[in-house]
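Okay, structure first, notes after.
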Amino acid sequence: MTEKRPIVLIAFVAGILLLAGNMFVQSRLDNSIRENKLIDEQFVEGAPPMVAFTTVALGGFRGLIADFLWLRAISMQEQGKYFEMVQLASWIMKLQPKSTATAAYLAWNMAYNISVTYSSPADRWRWVNKGIDLYHEALLYNPNDPVLYKELGWIYQHKLGNILDDAQRYYKYQMALRMITILGKHYPDWKELAEAPATEAGLKAALKTESTFFIEMKDAGYDSLDQLSEAFREAEGVFPEKLAVKMKNKDEVRLITNYLRVRWLRDATMLTPSDILRVNEKYGDLDWVLPESFAIYWAMLGIEKSPDRKSVDCSRMITQSLQVTFTNGRMLFPGDKPAENFLLIPNFSVADAVRQSYLDAIQENPDIKSFRDAYENFMSRAITTMYSYGQYTKAQEFYDYLTDHKKNRNTRLPFDQFVLKHWQEEIKDAGFKQANDMINGLIFRSCVLLGYGDKTAADAHLQLARMAYNRYMKDMGTESRTALPPFSQMTSEIAQACIRSLPGEIADRIKAQLLLEAQQAPAENKAENKAETKAETAPAN
């Protein structure tokens with residue numbers, strides 16, 4: 001025993017020295033990790049104490065904890081305990097904050113797999129939003145990961161924007177309701193919102209030195225901007241009455257309101273007005289209640305975060321979303337507030353961006369004829385669509401682009417004849433029923449657009465209906481057994497049918513407009529006769 005004591009003593013001293021050395025090296029390694037941000041040290045806020053303890057204490061072993069939570073989450077899903085699974089997903093994200101694949105799978109699973117297990121559109125919408133919220137959380141940990149931007153954009157483009165889900169109209173309605181509540185109006189001044197202070201310090205700096213706002217805020221019972229912001233949101237975007245009566249300076253009210261709205265927008269959607277401005281400047285004035293606008297926003301950021309600022313997937317998402325935006329990029333409501341019986345009509349502000357996307361494809365693929373054919377087909381459709389919605393100047397501009405593109409071909413026609421020719425292609429071989437259905441459809445669409453408040457588009461559709469009517473009647477003759485009823489009779493009957501069948505608010509607007517037009521009819525008869533004469537004398541081709 002006596003002989004072993006020196007060996008034990010040496011081993012003990014060596015162990016102490018090695019432990020001290022290990023502590024010294026570990027301390028330097030920890031400092032280097034923190035300084036160079038080699039790993040994330042995310043503390044699991046809100047998690048059970050055991051999870052928080054093991055995350056901090058075990059460090060590298062947190063992957064094992066995440067694996068255990070993964071198994072638990074799968075079990076919860078199989079048992080239908082979806083709400084418990086949401087919390088587990090958030091903890092997994094905090095344990096593996098840099099795992100983009102983890103975030104993408106969990107969020108996609110909520111938005112797609114879990115949402116469709118419910119039949120109620122409201123329940124489906126709730127789960128789609130939970131998936132989006134998880135993407136938002138992942139972006140907080142990975143603000144430079146292009147994959148997350150692409151995946152989030154896909155949710156908006158495909159799940160919310162497409163028509164594959166039975167609840168897609170409900171999704172679009174809820175998006176519009178939320179955005180208009182946050183912004184206070186359908187089309188806000190994005191430049192003004194971009195200039196609004198984004199932080200509390202910025203708001204204090206923007207307020208004049210003599211401002212008494214913070215005193216008034218505390219007198220009204222709000223000790224912080226956080227409390228006021230919460231009350232502002234609960235009141236759906238208005239100041240609580242006990243504070244509103246104290247605020248007399250209109251400029252100050254506007255400044256604080258913009259601050260609260262920008263903060264709300266960022267918290268709810270992660271959108272910033274400055275980035276929205278950049279999207280609008282690049283692609284056109286988008287309608288920011290629609291999912292395609294969000295898809296374009298996230299895809300643009302995904303490109304900016306990608307290596308070499310290139311992403312085929314994000315570029316394709318922008319092109320596809322722009323094309324949908326051109327045909328269905330403006331949302332109309334029957335009244336002043338969002339409603340589920342909304343109407344989608346073209347957004348012509350993105351026409352130049354769509355056109356340019358085709359030209360870029362032609363330039364990059366000069367030997368592929370299909371790109372040129374696709375460009376010409378789009379331009380022809382765009383011209384007639386613009387014309388049918390009363391965008392005559394823009395239609396003429398696109399017609400000039402198209403004729404320049406085809407300058408070596410003997411296919412030029414005067415503008416009006418070009419538009420008429422495309423409608424003639426539809427009606428020239430039409431029998432009585434086809435012509436009647438086409439003209440009735442244009443008149444019906446005109447009435448609906450009138451009911452939704454877009455008189456320019458309504459008038460343009462009615463004009464096209466009149467052109468088609470005149471062309472058909474000229475070919476058939478007024479005495480033919482296949483002659484259509486008088487145009488005024490057709491419009492009156494369809495308008496009355498619309499008033500009887502459409503919701504009250506839309507019908508009331510149609511009735512009011514028809515009454516106004518009846519009062520103005522004597523002064524407009526001459527102009528109408530001239531329009532019909534012009535359509536009748538347009539040469540057939």
Side-chain angles (χ1 to χ4, degrees), residues 40-49 52 83 86-87 89-91 93-94 97 126 129-143 152 174-175 177-185 188-190 192-277 288 294 297:
D40 290 295
E41 296 182 334
Q42 297 289 342
F43 184 79
V44 190
E45 297 178 1
F83 288 97
V86 175
Q87 187 60 68
S90 183
W91 291 343
M93 275 304 308
K94 290 183 172 67
R126 185 180 303 114
N129 268 290
K130 288 185 183 298
I132 290 173
D133 288 342
L134 196 61
Y135 275 119
H136 289 173
E137 183 177 358
L139 280 170
L140 292 176
Y141 308 142
N142 305 275
L152 181 54
Q174 286 294 331
M175 275 193 69
L177 184 63
R178 179 178 65 181
M179 288 297 288
I180 291 176
T181 301
I182 292 172
L183 300 170
K185 59 177 69 174
D189 185 337
W190 289 111
E192 182 179 318
L193 290 175
E195 293 171 350
T199 63
E200 182 173 344
L203 177 62
K204 290 178 178 178
L207 290 170
K208 295 180 180 179
T209 53
E210 64 270 19
S211 172
T212 59
F213 164 69
F214 285 98
I215 297 173
E216 294 165 352
M217 183 181 76
K218 291 188 176 181
D219 288 344
Y222 302 100
D223 294 328
S224 67
L225 280 174
D226 290 342
Q227 291 183 3
L228 176 60
S229 178
E230 184 177 349
F232 183 80
R233 299 176 191 187
E234 289 176 356
E236 297 188 343
V238 296
F239 283 105
E241 186 176 354
K242 54 187 175 182
L243 176 59
V245 296
K246 297 175 179 291
M247 300 175 67
K248 306 297 183 182
N249 188 319
K250 292 183 180 180
D251 293 335
E252 192 171 274
V253 170
R254 192 177 188 85
L255 175 68
I256 297 164
T257 300
N258 287 342
Y259 162 78
L260 292 173
R261 292 198 186 284
V262 169
R263 177 173 172 173
W264 191 359
L265 180 69
R266 184 179 64 248
D267 291 346
T269 67
M270 290 191 75
L271 269 61
T272 62
S274 57
D275 283 332
I276 288 175
L277 262 182
W288 287 94
F294 282 65
Y297 178 98

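Considering all non-hydrogen atoms of both residues, L225 and F213 come closest at CD2-CE2, 4.0 Å. Closest of all the heavy-atom pairs between L207 and E252 is CD2-CG, 3.6 Å. Nearest heavy-atom pair, K218 versus D223, reported as atom, atom and distance to 0.1 Å: CE-O, 3.9 Å. Across F239 and I256, no two heavy atoms sit closer than the pair CZ-CG2, 3.7 Å. Between L265 and W190, the shortest heavy-atom distance links the atoms CD2-CZ3, 4.1 Å.
Looking at R233 and I182, their side chains never come closer than 4.5 Å, going by heavy atoms from C-beta outward. Residues T257 and F232 have side chains in contact (heavy-atom distance under 4.5 Å, counting atoms from C-beta outward). Side-chain contact between L255 and L203 is present, with heavy atoms from C-beta onward closer than 4.5 Å. Side-chain contact between P197 and V262: absent, with no pair of heavy atoms (C-beta onward) separated by less than 4.5 Å. Proximity of L183 to L193: side-chain heavy atoms (C-beta onward) are separated by under 4.5 Å at one or more points. Residues N129 and Q174 fail the side-chain proximity criterion, which asks for heavy atoms closer than 4.5 Å. Put simply, the side chain of Y135 does not reach to within 4.5 Å of the side chain of M270, judged on heavy atoms. Looking only at side-chain heavy atoms (C-beta outward), H136 and D133 come within less than 4.5 Å of each other.
Under the 3.5 Å distance criterion, the side-chain polar atoms of T212 are left unmatched by any main-chain donor or acceptor of I215. At distances below 3.5 Å, not a single donor-acceptor pair connects side-chain atoms of Y222 with backbone N or O atoms of S229. With hydrogens and angles disregarded, a donor-acceptor distance shorter than 3.5 Å links the side chain of K248 to the backbone of V245.
Summarising the geometry, atom CD belonging to E137 is positioned 10.5 Å from atom CG belonging to N142; distances are rounded to the nearest 0.5 Å. Note: W264 CH2 to T181 OG1 = 6.0 Å, rounded to the nearest 0.5 Å. For the atom pair L228 CG and M217 CE, the distance stands at 6.5 Å (nearest 0.5 Å). In this structure, the separation between CD on E216 and OG on S211 is 7.0 Å, given to the nearest 0.5 Å. Between atom CZ of residue R263 and atom CD of residue E200 there is a gap of 7.5 Å, rounded to the nearest 0.5 Å.
When the side-chain contact (heavy atoms from CB on, under 4.5 Å) test is applied to E192, the partners found at least two apart in sequence or on another chain are D189, R254, N258. Every residue two or more places apart in sequence or in another chain that forms a salt bridge (Lys or Arg N to Asp or Glu O under 4.0 Å) with R126 is listed here: D123. Not a single salt bridge (Lys or Arg N to Asp or Glu O under 4.0 Å) links K208 to another residue, sequence neighbours left out.
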